[in-house]
**Q** 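For reference, the structure I am asking about is given below.
Counting starts at 1 for both ligands and their atoms, following the listed order.
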Amino acid sequence: MPKRWSKKWSGQLSNSDTPTLALMSAMQEELSCILERLQATPVQVGSRTYWQAQWMGQPVVAVLSRIGKVAAATTASCLIEHFGATQLVFSGVAGSLDDRVQVGDVVIASELMQHDMDASPLFPKYQIPLTQKSLFTTNELLTQELKSAAVQCQQEIGSNMQTQGMWDLLGLANKKIGLHEGLILSGDQFISSAKKSEALKLSLPQALAVEMECAAVAQVCDDYGVPFAAFRIISDKANDTAHLDFEKFIQTVAAPFGAHVIEAFISNRAGSR
Ligand code: SAH
């Protein structure tokens, strides 16, 4: 049974020169693939189980945020307040909003926006009331680290039999995974019709992908001044013609590949310490 919190976290996981890194995922398959790679201790706070570990010397707390902006935002606050997280990284899947962004590609967020925020005419559409912000920028250094890890994994796919097998299974063999960096949108809607995705593309043509959590986490991190970075593996085209089975894609491709990227990210850090 996970322990329950009775007191505020005192930050024992962290020491002065190694920040506590929080790893967030929205779906169980994604978290499970990360947890398989470390020996973590569960701690229960509210209705979430937070998994604490030292991963190659890096203090980490991994957690399932669940799906949607509120679930992700409360989880992010708890990571910062109770667990003393000083950096947050989110991995997951998303729908593509750009013809150049294919299923199986990776999108690294440089900016995030809540596409369903609209308090107009009191505030401009998309602006988070009383912040004067509609776009949240991810942390440059963390994003660079994620990008290097993703590039490494992209190159390894050809030589890694296990990963190659997953790709074959989905008919993506010999496909070079595209890596993109740009704007990701979040909102409390699963975008699964051409009508909805076309409307989003028309209003926000610079957006590369759409999902349901990261812009909310970015807002929390902005409130606390905590560095944040995120990447998403494209699971669908955010329309009614997605040709892949969503659950199967997550289990066989997105979750293992996402965990592989996180592992490379941690390993690179361990190498440079
Ligand atoms: N079938 C799943 C539902 C997943 S909801 C279940 O029953 O559990 C979709 C998750 O994937 C969210 O975490 C969201 O961030 C992401 N996502 C993937 N494609 C998306 C899309 N087209 N629109 C919105 N979110 C998407």
**Q** For ligand 1, give me the residues whose heavy-atom distance to it is below 4.0 Å, by chain and number please.
**A** Ala26, Met27, Ile67, Val93, Ala94, Gly95, Gln189, Phe190, Ile191, Val210, Glu211, Met212, Glu213, Arg232, Ser235, Asp236, Ala238, Phe246, Glu247
**Q** Considering only Ile, Leu, Val, Met, Phe, Trp and Tyr, and joining two whenever side-chain heavy atoms are under 4.5 Å apart, list the other residues clustered with Leu135.
**A** Leu97, Met113, Tyr126, Leu183, Leu185, Ile191, Leu200, Leu204, Val210
**Q** Taking the six-membered ring for Trp and the single ring otherwise, decide whether the centroids of Phe246 and Phe190 are under 6.0 Å apart.
**A** yes
**Q** Taking side chain as C-beta onward, heavy atoms only, is Glu211 less than 4.5 Å from Val93?
**A** no
**Q** Are Val226 and Phe136 linked, directly or through other ILVMFWY residues, by side chains that come within less than 4.5 angstrom of each other?
**A** no
**Q** Could you grab the distance from atom CZ of Phe90 to atom CZ of Arg232, nearest 0.5 Å is fine?
**A** 4.5 Å
**Q** Would you say that more than 12 heavy atoms from the other residues, nucleotides or ligands in this model lie under 6.0 Å from the CD of Glu140, or not?
**A** no
